[in-house]
Chemist: 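This is the structure, below, for whatever I ask next.
By convention in this document, chain letters (A, B, ...) are assigned in the order of the sequence lines, proteins followed by strands, and residues within each chain are numbered from 1.
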Amino acid sequence: MPKLTMAQAINNALAVELEHDSRVLVFGEDVGKNGGVFRVTEGLQERFGEKRVFDTPLAESSIVGSAVGMAINGLRPIAEIQFLPFALVSFNQTVTQAARMRYRSGGVYTVPMVIRTPFGGGVRPPEMHSDSFEAMFAHAQGLKVVAPSNPYDAKGLLHAAVDDPDPVLFLEHMKLYRSLRQEVPAERYTVPLGRAATVRPGRDVSVFAYGAMVQLALDAAAQVEKESGISAEVVDLRTLAPLDEAAIAASVDKTGRAVVVHEAPRAGGLAAEVIAVINEHSLYSLLAPVERVTSPDTAFPVPKLEDIILPNVARVKAAIRRTLEE
Amino acid sequence: MPKLTMAQAINNALAVELEHDSRVLVFGEDVGKNGGVFRVTEGLQERFGEKRVFDTPLAESSIVGSAVGMAINGLRPIAEIQFLPFALVSFNQTVTQAARMRYRSGGVYTVPMVIRTPFGGGVRPPEMHSDSFEAMFAHAQGLKVVAPSNPYDAKGLLHAAVDDPDPVLFLEHMKLYRSLRQEVPAERYTVPLGRAATVRPGRDVSVFAYGAMVQLALDAAAQVEKESGISAEVVDLRTLAPLDEAAIAASVDKTGRAVVVHEAPRAGGLAAEVIAVINEHSLYSLLAPVERVTSPDTAFPVPKLEDIILPNVARVKAAIRRTLEE
Amino acid sequence: MSLIADDTLYQVLSPTGEVVGSVPAIAPAGHLNLYRWMVFGRVFSDRMTALQRQGRMGTFAEVKGQEAACVGLAARLTEEDWLMGSYRESLAYMVKGVPLAAQLKHWGGYIPDNYPFEARCLPFQIVLATQVLHAVGIAHAIKYKGEPHVAVVGIGDGATSEGDFNEALNAAAVFELPVIFVVQNNGWAISVPRHAQTRVDSFVRRAAGFAVPGLRVDGNDILAMIGAMDTALDRARSGGGPTLIEAETYRMGAHTTADDPTRYRPPEDLELWGRRDPIIRYRKFLMDRQLLTDLEDEQLQDDVTAEFEAAVAEFEALPPQDVAQHFDLILGNPPPQLARQKAQILNEQ
Amino acid sequence: MSLIADDTLYQVLSPTGEVVGSVPAIAPAGHLNLYRWMVFGRVFSDRMTALQRQGRMGTFAEVKGQEAACVGLAARLTEEDWLMGSYRESLAYMVKGVPLAAQLKHWGGYIPDNYPFEARCLPFQIVLATQVLHAVGIAHAIKYKGEPHVAVVGIGDGATSEGDFNEALNAAAVFELPVIFVVQNNGWAISVPRHAQTRVDSFVRRAAGFAVPGLRVDGNDILAMIGAMDTALDRARSGGGPTLIEAETYRMGAHTTADDPTRYRPPEDLELWGRRDPIIRYRKFLMDRQLLTDLEDEQLQDDVTAEFEAAVAEFEALPPQDVAQHFDLILGNPPPQLARQKAQILNEQ
Ligand SMILES: Cc1ncc(C[n+]2csc(CCOP(=O)(O)OP(=O)(O)O)c2C)c(N)n1
Ligand SMILES: Cc1ncc(C[n+]2csc(CCOP(=O)(O)OP(=O)(O)O)c2C)c(N)n1
Ligand SMILES: [Mg+2]
Ligand SMILES: [Mg+2]
């Protein structure tokens, strides 16, 4: 099996979709000849032509709003928004339109579409490229939000997102695009939406994370194990909306302690919902307050501060230890 | 002291602002001659002229984006978005621009502006008028979100919002506009932002709510007291971002039990953040899981279902009782 | 008539019903069908407003005065064409194939689950101008599939100020899509008059700013509307790309039942536009051509009224809105937590 | 020159530096100042790109080829006028009064806290087209206060497709605001060429769609830029309202240091536009008029390079970005929880 980066795995998934389903179109800003600013759509226009893979005018609301129309009229649009913060420009079309057409039309029209977008910090682009705004979308009912942490899941989740009967926001962590390689089957397979994955079993504490934070959590878990014999379970949430509540509860019921990690600011971030789920299902299992390792309630940091402000392994380790101190 | 409805109290606050500060402008769709679709700006254009109080073209991004420019250039814009869901059209200008100018400019330019908007259910307008999208804004750092529950607070919080050095989203619950009257001083006074209010002291359980849900909580509290001698404390959050964490913790530390009520869907709603705050500050005081009384994770209901889907007194009572059962 | 980019107003019938342009080819039955829809639209608008006042209907947006524009924008579409609009296009939707029963359920506060797919009308839009981008996407799919169909979208003059409308014009031109934008310029956006909305003389000029050709049409002249739509539809079906039609009309009633236009609208205007009433004008034409008699006209009024009342009776006999449906329509694959939330609320019932 | 709404290109200097239009009134020192800024812009652009390659600078957006447009759009503004733009207007910002030190800090990844207020330049914009609405609001405040100032906003050809740009044109016309929209049409939006962005012939026509008058200008002709800005500024200051200036230019470098234009751009184009280089053209004019000698020109190159290098040396000697500042700039009245978060991170340092 070929070892692919996440960018390659997604490129491959897109190619497979374009190949096997003529209803699939791939479009967005610079996705054509340029192959996307991260080269995720590289070679696709050349291979599938300008009718299947094309550049749009620079207008996010137009990209999402017209994808809604395409989906209603029988296509399977896969739209790219160049960076997640620019998806706020199309927030209204996503939240009140794409996510609501099923309800609004009494189920007569549905919007099976995917919005792919790079997100996350650590890459040091100019401002407003890296802000983790995913919680805003996760609160929009009717929309699914997915954030893979590795190449294998990225491909499988993307296929599942295309199969899904509803709109899916597909978040690709920029730092993961090329940072690790994994064996990825060439054929089409799906990784189910709505299901978290225990990527490291453990007994003492559960660490919930998604996207690039999963690697951080794994590193922290390995280190606390080595340093202090702490057995940390790492759960990759994978789908941020709707959350896999059963998986969250099962893990905390086992370990009695939890840490939630995300790059977004703390107030109103996804960790709050994870804690609320734990409160509802597993409060009596809980031996210590759930720890949140997040960015502070500030703007996304300027490049010179990324390393200091964003969550890091040391902070995850400290949080793990705090849950065990009490 | 005159007894005013919340609509009148806000109208009065706007008049006071226009009167005492020539930098204040009031604008939005239909706020001029028509006095706003809820008559909240009634008489203001006549009294202060078309330069101070005026209609804009039908374009929310333009309303918010130009308010940002006005604020930077020394004015104190009070913009109206006709209904909260339409504020998603201007979401990007609000979140990446209004809320971020202070950081982006290293503090050289600031954006003291207020966005007023009606929100909330129970009034049965057509779809997309009543959705409680406040949690999406509450996660936007650099923005304050305020939601008064009564005429007195509405006036005082609006003055505080105008005084605030940063952008404030001011949520006016539609059902409260005319449903109750209160003595409201004619002069200018402020109710501080960022501070919750204990509107009913109690010993057994804390009920956190905002907007129209405060009245629901009060009704439920009165009934469970009468029916079962349960002493429920009701805390009006008033400012949704940043939350008054100290007030939340103090109340739960006292009662050991909590219910959070909002009309927004459950997943990723503000109740999650309240629970996360309780988890962080007061987990060891907690005697039972915090209960969430919210709308389900669906679209805002069609008019025929509002009464069934939205939170009601019976559900708040049941939640209060559940916290005491365990 | 050719596609223009100036302010010449295209008319077939003068306000007094004189023929001043070339009458599009329409069979006598076709004429009567158009007229019937317009009369039906007036009855629908007046009766819905009355029902709302009686507490028997939800908030309703009047069509009165805009019957020619509404009927005209929909009448020449095939079943396979698509139509979307705002609340103001309710009548157009019925012409396109959405049953009155569906409109009643929708305005009446139920989940609008009885728009037939085959009508190809999206639920009327509340978040203004968003539907214009949906039309662009639908037209994109039509073109991609190589179909001869067209996406038609109605929008008010006020909503043209939204970014989405302008983005849609741009995308339609860039991708040369079979889409027709019909601006129902009724002079007002709730209380905001046209001149406070934009300073451009006509929306045809706006469209020209995106290289979309346009036609300014007397929107109270059903025959001009039909002629304009025929031109634009031909263009779209033959791969010619998008067209904007500005239908100059007037909202004779309130914005919605929640609105009081006496607060902002000069009464003279109402008089002026009363003299341009689209129904009176067309009736005169039909009578001049001996296509309609007074008696037939009265009969028609009675028929459409009876039709409306029968539908209302059916509407009022509907069972209560199914609560379960509310939970089943948010996601095709609802998660377990939603099932729990559903069970909880259903248990209470 | 009058305000036009067609595609006539306004030029003063031909690409080879011949005078083909009337030269705006500029004193000899003024000419040299313009030229100096253009030369400085080229050095700035090339050196920043080189520094980024060496890992000494963050992602940078080249100005190369657009020096006349950038300098021209800012040169005639007073201190009280306002200027905002995207990353592409960095040079214009410096002309307006933002020190090079501020640009270095900004591009270098620090919090840009050293743009002086008096420069009245908003931090360059990343979320495309949003700044155009800020300019409208700033102009609204100017008009409200009765000041004779103007808000000038730069935007790229690609960003004109955003709803915000079009909404801004509309609002500026409706409120008759003293704002000038300068579209730097450099032919590309990253890899997307102008003709795939919009089908309208020129952005002057786009503006006409909102009743905003416009001028299409050779953006590589500094004197045409000055002349156009003078016209638009006069108009704005005298209450005449908004103007759009389309500056036709070309991005000779990459979109940013993260971009590889060889993937999408035909090399012939680069040659063609090399022959229209704004600096060569203006240099010829200055030399023809005996305003500049070869020797002075060489000296100038050395001077601006030295100026740049001195600023870089200062930049590289800056202390690390203050961490506390990050927490102090999100709200004027930060809540207690933010203070705790700040203490936590500061404690770690
Ligand atoms: C995005 C958005 N903003 C505001 C509103 C509130 N609103 C509803 S109708 C209306 C006026 C619409 O005017 P116009 O587009 O001319 O259509 P008309 O009602 O005249 O047919 C407004 C402001 C809305 N529904 N959507
Ligand atoms: C709202 C938004 N969408 C997308 C981007 C990503 N992006 C940055 S620059 C650019 C191209 C801009 O082209 P143009 O407006 O012509 O300006 P130029 O770079 O040519 O000066 C794009 C797509 C962005 N910054 N903001
Ligand atoms: Mg209108
Ligand atoms: Mg460009």
Chemist: Are B:I309 and C:H326 close enough that some pair of their side-chain heavy atoms sits under 4.5 Å apart?
Modeler: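 Yes, side chains in contact.
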Chemist: Pick one of side chain, backbone, both or neither for B:P301, based on which atoms fall under 4.5 Å of a heavy atom in chain C.
Modeler: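 Both parts, backbone and side chain.
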Chemist: So, taking the atom named CD in C:Q197 and the one named CD in B:E29, what distance separates them when rounded to the nearest 0.5 Å?
Modeler: 8.0 Å
Chemist: For the candidates C:I111, C:I126, C:T59, which exhibits the highest count of non-hydrogen atom pairs separated by less than 4.5 Å from chain B?
Modeler: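 If we count pairs closer than 4.5 Å to chain B, C:I126 comes out on top.
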Chemist: Looking at C:E316, I'd like to know if its CD atom is crowded, meaning that more than 12 non-hydrogen atoms belonging to other residues, nucleotides or ligands lie closer than 6.0 Å.
Modeler: yes
Chemist: Tell me, side chain or backbone of B:F300 under 4.5 Å from chain C's heavy atoms, or both, or neither?
Modeler: backbone
Chemist: To check you understand the geometry: which heavy-atom pair defines the closest contact between B:P57 and C:A196, and what is its length?
Modeler: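 Smallest interatomic distance, heavy atoms only, reads CG-O, 4.1 Å.
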Chemist: Give the minimum heavy-atom separation between C:Y110 and B:K304, together with the two atoms involved.
Modeler: CE1-CE, 3.4 Å
Chemist: Within a strict 4.5 Å, meaning less than it, do heavy atoms of the B:P126 and C:Y87 side chains meet?
Modeler: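 The answer is no; the side chains never approach within 4.5 Å.
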Chemist: Counting only heavy atoms closer than 4.5 Å, note whether B:S61 contacts chain C via side chain, backbone, both or neither.
Modeler: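 Neither part, no heavy atoms under 4.5 Å.
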Chemist: Which one of B:E60, B:M128, B:E127 satisfies the side-chain contact (heavy atoms from CB on, under 4.5 Å) criterion with C:V127?
Modeler: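 For C:V127, the side-chain contact (heavy atoms from CB on, under 4.5 Å) check succeeds only for B:M128.
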Chemist: Between B:R292 and chain C, with a heavy-atom cut-off of 4.5 Å, which part of the residue counts as in contact: side chain, backbone, both or neither?
Modeler: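 Interface part for B:R292: neither.
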Chemist: Output the distance between atom CZ (B:R266) and atom CG (C:L338), rounded to the nearest 0.5 Å.
Modeler: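 Nearest 0.5 Å value for the CZ-CG distance: 9.5 Å.
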Chemist: Does any part of the side chain of B:I308, heavy atoms only, come nearer than 4.5 Å to the side chain of C:I345, both counted from C-beta?
Modeler: yes
Chemist: Rounded to the nearest 0.5 Å, what separation is found between the CZ atom of C:R263 and the CZ atom of B:R39?
Modeler: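 It comes to 4.0 Å.
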Chemist: For C:D164, which atoms come within 4.5 Å of any heavy atom of chain B: side chain, backbone, both, or neither?
Modeler: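 Neither part; nothing is under 4.5 Å.
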Chemist: For the atom pair CG (B:D30) and OG (C:S191), what is the distance rounded to the nearest 0.5 Å?
Modeler: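 Rounded to the nearest 0.5 Å, the CG-OG separation comes out at 3.5 Å.
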Chemist: Rounded at 0.5 Å granularity, tell me how far OG1 in B:T298 sits from CD in C:Q325.
Modeler: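 CD of C:Q325 is found 12.5 Å from OG1 of B:T298.
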Chemist: At a heavy-atom separation under 4.5 Å, does B:L88 approach chain C through its side chain, its backbone, both, or neither?
Modeler: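 Neither part; nothing is under 4.5 Å.
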Chemist: Give a yes or no on this: more than 12 heavy atoms of other residues, nucleotides or ligands lie within 6.0 Å of atom CD of C:E348.
Modeler: yes
Chemist: Would you mind telling me which of B:L305, B:L58, B:T56 has the largest number of heavy-atom pairs within less than 4.5 Å of chain C?
Modeler: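 If we count pairs closer than 4.5 Å to chain C, B:L58 comes out on top.
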Chemist: Supply the atom-to-atom distance C:D260 CG to B:N34 CG, rounded to the nearest 0.5 angstrom.
Modeler: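 Interatomic distance, C:D260 CG to B:N34 CG, rounded to 0.5 Å: 8.0 Å.
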Chemist: Side chain, backbone, both or neither: which part of B:D55 has an atom under 4.5 Å from a heavy atom of chain C?
Modeler: side chain
Chemist: Tell me, for C:A189 versus chain B, whether the close heavy atoms (under 4.5 Å) come from the side chain, the backbone, both or neither.
Modeler: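 Contact with chain B involves both backbone and side-chain atoms of C:A189.
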Chemist: Take atom NZ of B:K317 as the centre, draw a 6.0 Å sphere, and report whether it contains more than 12 heavy atoms from other residues, nucleotides or ligands.
Modeler: yes
Chemist: Side chain, backbone, both or neither: which part of C:L128 has a heavy atom under 4.5 Å from chain B?
Modeler: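 The side chain, not the backbone.
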